[in-house]
Amino acid sequence: MNSRYRVAGAAAAAVLTATALGGCGKSQSSWIADKYTKVGYDTYRSPKAPQTVASEIGRKFRPIDRVDDMATMGANGGIFMRYPKLVVGVLPNGTGSRITVDNPRGGYSRHYSHVSGRWSSPGSNGWTRSGAASFRGGGPGSGK
């Protein structure tokens, strides 16, 4: 085999690998930013209903937990998804949805009236995969 073909084959394999890995490693927040229209800092808009938007996000990234109080609170409710390092809120906004993306503490505080009876308060490092508070650091000298 000609060395020219080997180089071309190796380059094609590198491009395919980089493309495949790049698509898999997207975070929830960057995927949401790419898919929906940004209307403010970590706030997005979709013309689709909250249930549809929450299903799209939940299918792409499975949350630790999900709270849906739209049935009981109507237009004052929302759908809230908890991830280890993120809280995504999908709220009714006219005929569409407003999507908020927060860190665990910010999201827990922002949506406290909706999630407080269901979610524990996040730790300094968010939540674990099982939903328990996760703390960074620690050790024998911490907390003194």
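Under a hydrophobic clustering in which Ile, Leu, Val, Met, Phe, Trp and Tyr are joined whenever their side-chain heavy atoms come within less than 4.5 Å, directly or via other members, V87 and I32 fall into different clusters. Transitive grouping of hydrophobic side chains (ILVMFWY, heavy atoms separated by less than 4.5 Å) keeps V115 and M73 in distinct clusters. No continuous path of hydrophobic side-chain contacts links L91 to V39 [ILVMFWY only; heavy atoms under 4.5 Å].
S46 places a side-chain N or O within 3.5 Å of a backbone atom of K48 that can act as its donor or acceptor partner. K85 places a side-chain N or O within 3.5 Å of a backbone atom of N125 that can act as its donor or acceptor partner. Of the possible polar contacts, none joining the S109 side chain to the G107 backbone as a donor-acceptor pair under 3.5 Å is found. N103 contributes a side-chain N or O that, together with a main-chain N or O of G106, makes up a donor-acceptor pair within less than 3.5 Å. The backbone N or O of V67 lies less than 3.5 Å from no partner atom in the side chain of W119, so there is not a single donor-acceptor pair. A donor-acceptor contact shorter than 3.5 Å is absent between the side chain of D68 and the backbone of I79. Under a 3.5 Å cut-off, the side chain of Y83 and the backbone N or O of F61 do form a donor-acceptor pair.
Expressed to the nearest 0.5 Å, how far CZ of R82 lies from CH2 of W127 amounts to 5.5 Å. Taking CD from Q28 and NZ from K60, the interatomic distance works out to 10.5 Å, rounded to the nearest 0.5 Å. Atoms CG and NE2, on D69 and H114 in that order, are 5.5 Å from each other to the nearest 0.5 Å. Here the CG atom belonging to D65 is positioned 4.0 Å from the CZ atom belonging to R118, to the nearest 0.5 angstrom. K35 contributes atom NZ, which lies 9.0 Å from atom CD1 of I57 (distance to the nearest 0.5 angstrom). If you take CE on M81 and CZ on R62, they are separated by 13.5 Å, rounding to the nearest 0.5 Å.
Pairing each heavy atom of P104 with each of P84, the nearest pair is CG-O, 3.8 Å. Minimum interatomic distance between A49 and S97 (heavy atoms only, all atoms of both residues): C-OG, 3.2 Å. Closest heavy-atom contact between A133 and P122: CB-C, 4.1 Å. Of all the heavy atoms in G74 and P92, the pair that sits closest is O-CG, 4.2 Å. Nearest heavy-atom pair, S29 versus L86, reported as atom, atom and distance to 0.1 Å: N-CD2, 4.1 Å. G96 and R45 get closest at one heavy-atom pair: CA-NH1, 3.3 Å.
Partners of Y36 by ring-ring contact (aromatic ring centres under 6.0 Å, His included), not counting sequence neighbours: none found. Remark: Y108 pairs with Y112 by the ring-ring contact (aromatic ring centres under 6.0 Å, His included) rule, at least two apart or across chains. When the side chain to side chain donor-acceptor pair (under 3.5 Å) test is applied to S134, no partner is found at least two apart in sequence or on another chain.
A side-chain contact (heavy atoms from CB on, under 4.5 Å) with Y44 holds for exactly one of V88, T100, T37, I99; it is I99.
Looking at H111 and S116, their side chains never bring a donor and an acceptor atom within 3.5 Å of each other. For S55 and T52, the side-chain atoms include no donor-acceptor pair closer than 3.5 Å.
By the 4.5 Å heavy-atom criterion applied to side chains, V90 and Q51 are not counted as neighbours.
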